[in-house]
Number of protein chains: 2
Amino acid sequence: MAESNELIDKLREFGVRITPQRAIILEVIEDLTGHLTAEEIFAEVQKINAYISLATVYRTLDLLKSMGLISEANLGSATTYYAVRDHGTHHHAVCRVCHKTIELPHELFEPIADALRTKANFKADVNHLVVFGWCESCAPQTECGENHLRNN
Amino acid sequence: MAESNELIDKLREFGVRITPQRAIILEVIEDLTGHLTAEEIFAEVQKINAYISLATVYRTLDLLKSMGLISEANLGSATTYYAVRDHGTHHHAVCRVCHKTIELPHELFEPIADALRTKANFKADVNHLVVFGWCESCAPQTECGENHLRNN
DNA sequence: TTATCTGCAAACGATTTGCGGCAGC
DNA sequence: GCTGCCGCAAATCGTTTGCAGATAA
């Protein structure tokens, strides 16, 4: 397997060990386009080597997270989604009802990121923002969020 | 106990039963100022009546959620936070490292909500937005999100 | 009366952890 | 060879659910 992708170089910089497991996980993660859950990454990894455990996937994701190489997002459900940080900026509008997600242009968020940086001294993770709400087909007819009782 | 707060009236409109348990939970929820977890609401409820179960709290929160009376937010951790919808608009910047949350002025988000409404036909839940990032004291010195290895 | 609600305890899904053995460096 | 890493299985945490009895309407 290619032992020299971008992420692996970053790991070297951090001085952590490059194990075959990590190499495979990194390979998978670098190829992923959208947002994947740990389980999805695990499934992908297992196609390459079935003897890698889910715990290792979680530990590697934690590692990458603490190095800032990937970002995570809670898109409303219990599950956490992961994405490589420099695979472009992707923001989301997530529907509270059907969980459909809409990708949003980056420019929308620049004023907010600026304001946060200058006024609150807060470095927004502009690679991964989430806005909850209601999509076109799930939007209630009445005042926003007033009549959702049907889905019980 | 006061059987006539705002939320109870709303429940009546929806035709669901007003049980003592619900009355107590609603009372607690109406008084809460910030964001509470189900457990915190449960603890508060137990001070009034120790025989109300956590499951009932969750079921009531679900009910209120589906009626749009409360909103929920995942502030990065596994836990879900709840807030009454018309206790003003409160947005958050949440630090990925220390989980400190900063309250944000509403005006910042109006352009985004507008753009979402007009361009994507998406009704943003402007009562409860979350931006992840790094706060002043946890911000890495290097490029955003580059050097976080210490907290392992 | 009767459909809805409750408490209990067990189930659940995602994630974490303790531990003995293994293997990069 | 030392230290950090792995796989396994059990533990944890927040949340949901099945069921049988209770109760608001």
Side-chain angles (χ1 to χ4, degrees), chain A residues 1 3-4 8-9 11-26 35-43 45-46 48-67 70 72-82 99 149-152, chain B residues 1 3-4 7-9 11-26 35-43 45-46 48-67 70 72-82 96 99 149-152:
Chain A
M1 56 214 76
E3 277 248 354
S4 60
I8 286 188
D9 291 342
L11 288 221
R12 287 219 172 82
E13 282 175 33
F14 276 95
V16 301
R17 289 190 185 162
I18 316 295
T19 63
Q21 290 88 335
R22 286 184 177 167
I24 291 175
I25 293 171
L26 292 177
H35 297 67
L36 292 185
T37 65
E39 295 277 355
E40 286 166 341
I41 294 169
F42 176 58
V45 162
Q46 288 243 314
I48 302 176
N49 184 328
Y51 295 100
I52 294 177
S53 80
L54 182 55
T56 299
V57 171
Y58 274 109
R59 282 191 272 232
T60 305
L61 288 174
D62 258 12
L63 186 70
L64 295 175
K65 197 169 55 184
S66 63
M67 301 191 318
I70 58 171
E72 59 174 30
N74 302 77
L75 303 185
S77 61
T79 329
T80 304
Y81 290 80
Y82 298 88
H99 299 113
L149 253 189
R150 65 196 64 77
N151 48 357
N152 275 27
Chain B
M1 57 214 71
E3 275 247 355
S4 59
L7 290 176
I8 286 189
D9 291 342
L11 287 221
R12 288 220 171 80
E13 283 174 33
F14 275 95
V16 301
R17 289 190 185 164
I18 316 295
T19 63
Q21 290 89 335
R22 286 183 178 169
I24 291 175
I25 294 171
L26 292 177
H35 297 70
L36 292 185
T37 65
E39 296 277 355
E40 286 166 341
I41 293 169
F42 176 57
V45 162
Q46 289 242 311
I48 303 176
N49 184 328
Y51 295 99
I52 293 178
S53 78
L54 181 56
T56 299
V57 172
Y58 274 109
R59 282 193 272 234
T60 304
L61 288 174
D62 259 11
L63 186 70
L64 295 174
K65 197 169 53 182
S66 63
M67 301 191 320
I70 59 172
E72 59 174 30
N74 301 79
L75 304 186
S77 62
T79 329
T80 304
Y81 290 80
Y82 298 89
R96 278 196 196 286
H99 299 113
L149 256 190
R150 65 195 64 79
N151 49 357
N152 275 24

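In what follows, chains carry the letters A, B, and so on, assigned in the order in which the sequence lines appear, proteins first and then strands, with residues in each chain numbered from 1. The basis for the numbers below is simple: all heavy atoms, side chains too, and nothing from hydrogens, waters or symmetry mates.
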Protein heavy-atom contacts under 4.0 Å, written 5' to 3' over nucleotides 2-8 of chain C as B (base), S (sugar-phosphate only) or - (none), form the string -BBSBBB
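The structure places CD1 of B:Ile8 at 5.5 Å from CG of B:Leu26, a figure rounded to the nearest 0.5 Å. Between the OH atom of A:Tyr82 and the CD atom of A:Glu40 there is a distance of 11.5 Å, given to the nearest 0.5 Å. Taken from CE in A:Met67 to CG in A:Leu11, the straight-line distance is 4.5 Å, to the nearest 0.5 Å.
Between A:Leu36 atom CG and C:dA14 atom P there is a gap of 14 Å when expressed in whole angstrom units. Look at CG on A:Asn49: it is 12 Å from P on D:dC6, rounded to the nearest Å. Between the NZ atom of A:Lys65 and the P atom of C:dA14 there is a distance of 16 Å, given to the nearest Å. Atom CD1 in B:Ile24 sits roughly 14 Å away from atom P in D:dT23 (whole-Å rounding). Rounded to an integer number of Å, the gap from A:Glu39 CD to C:dC12 P is 15 Å. Between the P atom of C:dA14 and the CD1 atom of A:Ile41 lies a distance of 14 Å, rounded to the nearest Å. C:dT15 atom P lies 10 Å from atom OH of A:Tyr81, rounded to whole Å.
For the pair A:Tyr58 and C:dT16, the criterion of a side-chain N or O lying under 4.0 Å from OP1 or OP2 is not met. Dashed line: the shortest gap from a side-chain N or O of A:Thr80 to OP1 or OP2 of C:dT15 is under 4.0 Å.
Under the 4.0 Å criterion applied to side-chain N and carboxylate O atoms, A:Lys65 and A:Asp62 are assigned as salt-bridge partners.
Applying the side-chain contact (heavy atoms from CB on, under 4.5 Å) test to A:Ser53 and every residue at least two apart in sequence or in another chain returns A:Ala55, A:Thr56. For B:Phe42, the side-chain contact (heavy atoms from CB on, under 4.5 Å) test picks out B:Glu39, B:Gln46, B:Leu54, B:Val57, with sequence neighbours left out.
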